[in-house]
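Comments concern the structure below.
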Amino acid sequence: MQIIYSDAHRLHHPPFEILAGGDRIPFFETPDRMDIILGALQEKDWATIRPPGDFGLEPILAVHSADYVEYLKQGYAAWQKLGGELGGTHNTTMLLGGTFPPRRLNRRPQSIAAQAGYYSFDLCCPIVAGTYEAALASAHCALTGASLLQSDPSPVFALCRPPGHHAGRDFAGGYCYLNHAAIAAQFLLTAGTVAILDIDFHAGNGTQDIFYASPDVLTLSLHADPSRDYPYYLGYPDETGEGAGIGFHQNFTLPAGTDDLAYLQVLESALDRIRRFSPRFLILSFGADIFAEDPLGDFSITTPGFRAIGDRIASLQLPTLIVMEGGYSIEALGRNTCALLSAFGDRSG
Ligand code: SP5
Ligand code: ZN
């Protein structure tokens, strides 16, 4: 299996994040997540690790607004030039908003510090000096995978970091800045329809939002019921698309403690929907935070469960791009990712 990976993710390493209530904790979404996965993959004879190509900005601007991408690109430097002040008493080296635009507060502000709030919906998407470069390389990993898929149906794994599925057309959130699965899907659309199956523990709100009105990209997400967990504001079962896209989005919400058997049962409904849609390509937004020991999740999925989930998805026999999303149980991340991928690896030899 081709694994697309870039070391550029290391440039994105924010020193901390802020929890609801104000506690400052070490950033969950760390570079060592990649080291663990890479280490596990390097022991597999079916894995070939290669760097991404450069697809330029065009396929990214086909999904994200130009002003948002410009903010990601220039925001940190512009803010540094102004002295890096956010009005707090702590001296921080990251650009993080503190004023957010809910209903009807829609005016794009001039102030860079205010734009940091305008362009995100939570406190876990700070911008550091290398954030844009890292997110861009991550997007190019997904695009490289998508482009391989156009000429060869063998499964490809885009080992993306930072992740992407919480990022919308013009906003960051949940450690995500650019939506790699959406960018890859939009890129593949010229060759045929795409289904995106999101199995991260958290609802893929960005992906849902980006393709909500599209009948050409079927988006399905299995996740923790947002009435109990992040991202809270989207991901409910009654959200099924809008306009021409009605019927082309589906959310499958799961209770705390969901185990392998219960998960596989719900997964089967999602796979049935994909079979009926019969897409040209499948993109799997893969979050390993469904694991029983994940610090951000509350499901009970085991390592053999990852393999079983992979087996079921691979049985669709679709040209598949697997895109890395979340997963924070560092120690288990390598073996769980390999367990899922091996279901596809066996197929491609
Ligand atoms: C890509 C991805 O998985 N993003 C997840 C972002 C979740 N951010 C919310 C963090 C809430 C932390 N709650 C602390 C629970 C500690 N047990
Ligand atoms: Zn997640």
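Order of appearance sets the numbers: ligands from 1, and atoms from 1 within every ligand.
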Tabulation required: pairs of a nitrogen or oxygen in ligand 1 and a protein nitrogen or oxygen under 3.5 Å; columns are atom names and distance to 0.1 Å; otherwise 'none'.
unit_1   : atom_1 : unit_2 : atom_2 : d
ligand 1 : 3 (O)  : His202 : ND1    : 3.2
ligand 1 : 3 (O)  : Asp289 : OD2    : 3.1
ligand 1 : 3 (O)  : Tyr328 : OH     : 2.5
ligand 1 : 4 (N)  : His166 : NE2    : 3.3
ligand 1 : 4 (N)  : Gly174 : O      : 3.0
ligand 1 : 4 (N)  : Tyr328 : OH     : 3.3
ligand 1 : 17 (N) : Pro295 : O      : 3.2

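Arg10 has no carboxylate O lying under 4.0 Å from a charged side-chain N of Asp32, or vice versa, which leaves the two without a salt bridge. Under 4.0 Å is where a charged nitrogen must lie from a carboxylate oxygen, and between Arg161 and Glu29 at least one such pair does.
Between Tyr68 and His64, the ring-plane angle classifies as tilted under the 30° and 60° cut-offs.
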Problem - Worked check of ring pair (Phe, Tyr, Trp, His ring centres under 6.0 Å) between Tyr132 and His12 - result: CA-CA 8 Å; Tyr132 177 69; His12 176 66; over 10 Å; no

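The Zn ion (ligand 2) sits nearest to atom ND1 when only the N, O or S atoms of His202 are considered. Nearest to the Zn ion (ligand 2), among the N, O or S atoms that Asp289 has, is OD2. Looking only at N/O/S atoms, Asp200 comes nearest to the Zn ion (ligand 2) through OD1.
Evaluation of the side chain to side chain donor-acceptor pair (under 3.5 Å) test over residues 185-194, restricted to residues two or more places apart or in two chains, returns none.
Applying side-chain hydrogen bond (donor to acceptor under 3.5 Å, both in side chains) to His165 and the options Asn179, Asp198, Thr207 leaves one that passes, Asp198.
With hydrogens and angles left out, the side-chain atoms of Glu17 and Tyr175 include a donor and acceptor closer than 3.5 Å.
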